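Presented below is the structure to which this report refers.
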Amino acid sequence: MNDRDHFSSTTISESLVKEKFGNPLYYYNSIGSTNNEAKILAANGAPEGSLIVADEQTAGRGRFNRHWSTPKGSSLAVSFILRSKLSSPEISQMPMLGGLATAYAIEQLCNTSPKLKWPNDIWIKQKKIAGILVETSYTEDLPEWLILGIGVNVNSGPLEFTNPYYDASCLADIIGHKVDRVNLLQQLVHNVGLLYNQLDQNSIREEWQKRMLWKNQHIEVIGSGHKPIEGIALGVEINGALLLQLHTGDCIKIYSGETRLKSN
Ligand code: BTN
């Protein structure tokens with residue numbers, strides 16, 4: 001299937017008529033970064049529900065300001081503007097919410113069950129398929145808006161991928177056929193809407209943990225500028241912190257970093 005013709009402002013807005021998010025829809029054939037655009041729109045008062053979608057990103061960003069490749073006609077690059085549920089515990093669950101919503105959408109349409117790699121990645125068969133980038137704006141210490149950015153490699157992998165720690169791929173290469181991006185986007189938006197109503201419960205953490213990559217395995221966590229920390233990945237806290245059991249038996253919480261499987 002060639003879904004290039006099918007992925008447009010009209011087809012997307014029609015598919016989202018009944019959804020909680022996607023109104024207003026800002027669709028771009030090509031843009032630098034949907035998260036950057038979302039931030040500008042949010043700062044200018046765009047309401048909760050606004051959704052920014054691009055067919056191509058020329059300056060897509062990942063965590064730690066890494067480049068995120070979104071080649072034309074083949075990926076999903078979307079950013080949600082959220083405003084209403086922004087207490088600290090809710091904000092800290094947003095990366096898990098984004099990962100879970102993406103994993104469910106892939107499962108619902110592609111008959112494959114993705115794993116969630118702490119903190120923000122969606123993996124299938126030992127390869128990264130999608131990532132989440134959450135950015136929040138505070139005014140006088142109070143959260144004003146939050147951007148939930150989601151990128152999925154759908155029908156082609158990234159043009160360039162330079163992370164030394166792992167490989168990336170796309171859904172089509174894994175399941176053996178192309179995926180309709182409008183359907184995948186609609187399912188993703190639907191799932192974000194459902195999970196957004198569950199932020200005050202423990203269910204997001206519990207469901208995220210069920211899909212956790214390398215749960216109960218020996219991993220190392222690479223933080224910024226620190227020595228890697230090794231331990232057994234036990235799970236996550238309600239605020240998204242990684243629970244790591246050290247060789248001493250002590251259990252610590254880690255709030256940021258990148259994980260890697262340790263071969264024993
Ligand atoms: C990561 O894995 O490091 C996060 C990747 C997040 C990419 C998405 S694509 C849509 C949105 N716009 C961006 O510039 N980044 C996010």
Side-chain angles (χ1 to χ4, degrees), residues 1-62 67-84 94 97-99 101-106 108-110 122 129-135 137 145-159 170-172 177-196:
M1 184 213 327
N2 174 6
D3 80 338
R4 192 176 276 207
D5 306 328
H6 179 59
F7 195 75
S8 70
S9 171
T10 311
T11 53
I12 295 168
S13 54
E14 278 171 7
S15 78
L16 300 180
V17 168
K18 295 194 182 137
E19 304 301 340
K20 179 178 172 69
F21 295 104
N23 187 14
L25 172 73
Y26 297 87
Y27 175 84
Y28 301 89
N29 290 322
S30 180
I31 200 169
S33 151
T34 56
N35 261 37
N36 289 357
E37 185 65 16
K39 283 173 162 180
I40 295 169
L41 290 164
N44 284 308
E48 170 151 301
S50 304
L51 187 71
I52 296 81
V53 179
D55 190 30
E56 173 189 48
Q57 289 188 124
T58 53
R61 291 183 293 110
H67 173 66
W68 181 265
S69 172
T70 308
K72 195 164 193 55
S74 62
S75 313
L76 285 186
V78 300
S79 300
F80 296 78
I81 296 178
L82 307 175
R83 290 180 183 275
S84 63
M94 287 298 179
L97 183 156
T102 309
Y104 285 161
I106 292 172
Q108 284 152 340
L109 288 181
C110 304
I122 294 90
I129 298 294
I132 311 295
L133 182 65
V134 172
E135 299 182 279
S137 167
W145 43 260
L146 178 145
I147 308 301
L148 171 63
I150 303 180
V152 187
N153 304 329
V154 185
N155 292 324
S156 85
L159 293 178
C170 68
L171 285 174
H177 59 82
K178 295 212 170 194
V179 178
D180 184 311
R181 286 182 299 153
V182 176
N183 289 348
L184 187 64
L185 176 59
Q186 188 264 325
Q187 198 61 63
L188 174 62
V189 172
H190 183 74
N191 296 343
V192 170
L194 289 181
L195 292 169
Y196 199 56

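Quick note: numbers below take in every heavy atom, side chains included, and nothing from hydrogens, waters or symmetry partners. In this text, all values refer to a predicted model and were calculated from it rather than measured experimentally.
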Could I get the full list of side-chain hydrogen bond (donor to acceptor under 3.5 Å, both in side chains) partners for Glu135, not counting sequence neighbours? Asn35, Lys39, Arg61

Is a side-chain donor or acceptor of Lys18 paired with a backbone partner of His190 at a separation under 3.5 angstrom? no

With distance as the sole criterion, is a donor-acceptor pair present between the side chains of Tyr28 and Glu37 under 3.5 Å? yes

Taking all heavy atoms of Gly151 and all of Trp68, pick out the closest pair and write down the distance. O-CZ2, 3.5 Å

If you look at every heavy atom in Val134 and Ile132, which pair is closest and at what distance? CG2-CG2, 4.0 Å

Working to the nearest 0.5 angstrom, can you tell me the gap between His177 NE2 and Asn155 CG? 10.0 Å

Is any side-chain heavy atom of Pro47 closer than 4.5 Å to a side-chain heavy atom of Pro24? yes

Can any side-chain N or O of Asn191 pair as donor or acceptor with the backbone N or O of Ala101 at less than 3.5 Å? yes

Is it the case that the side chain of Tyr27 and the backbone of Thr10 share a donor-acceptor pair, with hydrogens and angles ignored and the cut-off at 3.5 Å? no

Of all heavy-atom pairs between Gly32 and Gln57, which one has the smallest distance, and what is that distance? O-CB, 3.3 Å

Restricting to non-hydrogen atoms, name the atom on Gly60 and the atom on Ser33 that form the minimum distance, rounded to 0.1 Å. CA-CB, 4.3 Å

Where the side chain of Arg181 meets the backbone of His6, is there a donor-acceptor pair that is under 3.5 Å apart? no

Evaluate the side-chain proximity of Glu56 to Thr70: yes if any heavy-atom separation is below 4.5 Å, no if none is. no

A side-chain contact here means heavy atoms from C-beta on lying under 4.5 Å apart; do Ser50 and Leu41 qualify? no

Step through it carefully: locate the ring centre of Tyr196, locate the ring centre of Phe21, and say whether they are under 6.0 Å apart. yes

How long is the straight-line distance from CD1 of Ile129 back to OG of Ser75, given to the nearest 0.5 Å? 11.0 Å

Any donor-acceptor pair under 3.5 Å from Asp55 side chain to Ser30 backbone: no

Does Val189 offer a backbone N or O that forms a donor-acceptor pair with the side chain of Glu19 under 3.5 Å? no

Check whether any side-chain heavy atom of Ile147 lies under 4.5 Å from a side-chain heavy atom of Ile81, and answer yes or no. yes

The single option from Leu109, Leu195, Leu188 passing side chain to side chain contact (heavy atoms under 4.5 Å, CB included) against Tyr104: Leu195

Evaluate the side-chain proximity of Val53 to Thr34: yes if any heavy-atom separation is below 4.5 Å, no if none is. no

Report yes if the side chains of Lys72 and Asn29 come closer than 4.5 Å at any heavy-atom pair, otherwise no. yes

Calculate, to the nearest 0.5 Å, the distance between atoms CG and OG belonging to Leu133 and Ser79 respectively. 8.0 Å

Rounded to the nearest 0.5 Å, what separation is found between the OH atom of Tyr26 and the CD1 atom of Ile40? 12.0 Å

Is any side-chain heavy atom of Ile150 closer than 4.5 Å to a side-chain heavy atom of Leu76? no

To the nearest 0.5 Å, tell me how far Asn36 CG sits from Ile52 CD1. 11.0 Å

Straight-line distance of Leu25 CG to Ser13 OG, nearest 0.5 Å: 5.5 Å

